[in-house]
Colleague: 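Here it is, the structure, as structure tokens.
Keep in mind that this is a model prediction, so the values were computed, not measured. Values below: all heavy atoms of this structure, side chains included; hydrogens, waters and symmetry mates excluded.
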Amino acid sequence: MSSNASCIFCKIIKGAIPSSKILETELTYVFLDINPISKAHALVIPKYHAQFMHEVPDEHLADILPIAKKVATAIGAENYNILQNNGRLAHQAVDHVHFHIIPKPDARQGLGIEWPQQSPSKEELTETLAAIKAKLESHSTL
């Protein structure tokens, strides 16, 4: 497994920093966020150190969502967000891939977001679609 000695999440996985561990598998570690934005806010992290989701091996990613589903169900929130950020501009604060499970019990608690919708033309959407499909076809191992 990839690890980074200076990464706070890698230290948590190794037990060097204590955590309120909810669940652990061979590939995934889940614990309560120490700075939650709502009660039972949890973090699901791969045991593989990578800053960006596209750098995490598929077998780790395949383990994460079923675990997140189990934990979200155990938390019991009727409304919740699953959040994963990649890079500083996308609000990633810790350079280790992590998924937040954030219960949304009411309008005040939990994740609050704005959604600045754009209005691309049909031509812009067609160009974007073609560019993405071309990359997928040229990189069959993506």
Side-chain angles (χ1 to χ4, degrees), residues 1-137 139 141-142:
M1 306 256 170
S2 172
S3 183
N4 180 321
S6 64
C7 172
I8 190 168
F9 286 173
C10 290
K11 290 176 183 179
I12 288 171
I13 291 165
K14 290 181 177 181
I17 295 176
S19 69
S20 297
K21 180 171 66 173
I22 295 171
L23 182 67
E24 181 176 10
T25 69
E26 181 183 338
L27 303 175
T28 304
Y29 193 94
V30 186
F31 57 103
L32 290 176
D33 194 313
I34 62 169
N35 295 302
I37 60 174
S38 61
K39 183 178 180 179
H41 177 170
L43 298 173
V44 182
I45 62 174
K47 290 185 176 180
Y48 183 95
H49 180 83
Q51 180 178 356
F52 298 101
M53 186 180 72
H54 66 270
E55 298 170 339
V56 178
D58 288 350
E59 62 270 17
H60 290 263
L61 293 174
D63 195 53
I64 286 173
L65 280 182
I67 296 299
K69 177 182 173 182
K70 288 178 185 177
V71 173
T73 301
I75 289 171
E78 181 179 336
N79 299 286
Y80 60 93
N81 295 94
I82 302 292
L83 176 68
Q84 200 279 315
N85 303 323
N86 292 277
R88 291 287 179 255
L89 285 176
H91 307 287
Q92 183 179 12
V94 177
D95 292 337
H96 185 120
V97 170
H98 54 289
F99 293 75
H100 294 262
I101 302 172
I102 307 168
K104 185 72 174 158
D106 56 47
R108 189 183 58 75
Q109 297 179 74
L111 186 62
I113 61 171
E114 292 183 27
W115 202 273
Q117 276 185 288
Q118 300 179 3
S119 298
S121 69
K122 184 157 178 65
E123 290 171 349
E124 289 173 311
L125 287 173
T126 300
E127 289 172 10
T128 300
L129 176 63
I132 293 169
K133 285 185 171 186
K135 281 223 172 166
L136 285 172
E137 290 170 5
H139 294 92
T141 59
L142 285 179

Colleague: Examine distances only and state if a side-chain atom of S38 and a backbone atom of H41 form a donor-acceptor pair shorter than 3.5 Å.
Modeller: no
Colleague: About how many Å separate CG of L23 and CZ of F31, when rounded to the nearest 0.5 Å?
Modeller: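 Reported to 0.5 Å precision, the distance equals 12.5 Å.
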Colleague: Quick one: salt bridge (charged side-chain N to carboxylate O under 4.0 Å, His left out) pairs with a partner in residues 72-83, sequence neighbours left out?
Modeller: none
Colleague: Taking atom NE2 of H54 and atom CG of L61, what is their separation to the nearest 0.5 Å?
Modeller: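 Here the rounded value is 11.5 Å.
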Colleague: Quick check: does any side chain N or O of K21 sit under 3.5 Å from a backbone N or O of Y29, one acting as donor and the other as acceptor?
Modeller: no
Colleague: Could you work out, with ring pair (Phe, Tyr, Trp, His ring centres under 6.0 Å) as the rule, every residue matching H91, not counting sequence neighbours?
Modeller: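 None.
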Colleague: Quick check for you: to the nearest 0.5 Å, what is the distance between L125 atom CG and Q118 atom CD?
Modeller: 10.0 Å
Colleague: Tell me which one of T28, V30, T25, I82 satisfies side chain to side chain contact (heavy atoms under 4.5 Å, CB included) with I64.
Modeller: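 So the option named by the test is T28.
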Colleague: Does Q109 reach the main-chain N or O of D106 with its side chain, forming a donor-acceptor pair under 3.5 Å?
Modeller: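 Not a single qualifying donor-acceptor pair exists.
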Colleague: So does S6 get a backbone contact from the side chain of N4, meaning a donor-acceptor N/O pair under 3.5 Å?
Modeller: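 Between the backbone of S6 and the side chain of N4 there is a qualifying donor-acceptor contact (under 3.5 Å).
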Colleague: For L83, does the CG atom have more than 12 heavy-atom neighbours from other residues, nucleotides or ligands under 6.0 Å away?
Modeller: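 Yes.
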Colleague: Can you tell me if E55 uses its side chain to pair, donor with acceptor, with the backbone of F52 under 3.5 Å?
Modeller: yes
Colleague: Using modelled atom types and a 3.5 Å cut-off, is there a donor and acceptor pairing between side-chain atoms of Q92 and backbone atoms of Q51?
Modeller: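 Answer holds: yes.
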Colleague: Hey, does P66 have a side-chain heavy atom less than 4.5 Å from the side chain of K69?
Modeller: no
Colleague: Quick one: sort the Y48 and H60 rings into parallel, tilted or perpendicular, breaks at 30° and 60°.
Modeller: tilted
Colleague: Under the salt bridge (charged side-chain N to carboxylate O under 4.0 Å, His left out) definition, can you give me all pairs with a residue in residues 39-52, not counting sequence neighbours?
Modeller: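 Sorted pair list: E24-K47.
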Colleague: From I37 CD1 over to K104 NZ, what is the distance, rounded to the nearest 0.5 angstrom?
Modeller: 7.5 Å
Colleague: Would D95 and R88 count as a side chain to side chain contact (heavy atoms under 4.5 Å, CB included) if you check the C-alpha gap in whole Å, the side-chain angles of each, and the deciding distance to 0.1 Å?
Modeller: CA-CA 9 Å; D95 292 337; R88 291 287 179 255; 3.1 Å; yes
Colleague: Count the heavy atoms belonging to other residues, nucleotides or ligands that lie under 6.0 Å from CG of L89, then report whether that count exceeds 12.
Modeller: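 Open.
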Colleague: To the nearest 0.5 angstrom, please state how far the CD1 atom of I34 sits from the CD1 atom of I12.
Modeller: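 The CD1 atom of I12 is 7.0 Å from CD1 of I34, to the nearest 0.5 Å.
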Colleague: For the backbone of A42 and the side chain of D33, can you confirm whether one donor and one acceptor N or O come within less than 3.5 Å of each other?
Modeller: no
Colleague: Only one of H49, K11, K14 passes side-chain hydrogen bond (donor to acceptor under 3.5 Å, both in side chains) with S3; say which it is.
Modeller: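 The option that passes is K14.
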Colleague: Hey, are the side chains of T73 and I75 touching, using non-hydrogen atoms and a 4.5 Å cut-off?
Modeller: no
Colleague: Quick one, F99 and I45 - any side-chain contact, counting heavy atoms below 4.5 Å?
Modeller: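 No, side chains not in contact.
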Colleague: Is the distance between the ring centroids of H100 and H98 less than 6.0 Å?
Modeller: yes
Colleague: Going from CD1 on I13 to SG on C7, what distance comes out if it is rounded to the nearest 0.5 angstrom?
Modeller: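 Output value for this atom pair is 7.0 Å.
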Colleague: Is I8 atom CD1 crowded by more than 12 heavy atoms from other residues, nucleotides or ligands, each under 6.0 Å away?
Modeller: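 Counting neighbours around CD1 of I8, 12 or fewer heavy atoms of other residues, nucleotides or ligands fall under 6.0 Å, so no.
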Colleague: To check you understand the geometry: which heavy-atom pair defines the closest contact between L111 and I102, and what is its length?
Modeller: N-CG2, 3.8 Å
Colleague: Shortest non-hydrogen contact from P116 to E114?
Modeller: CD-O, 3.5 Å
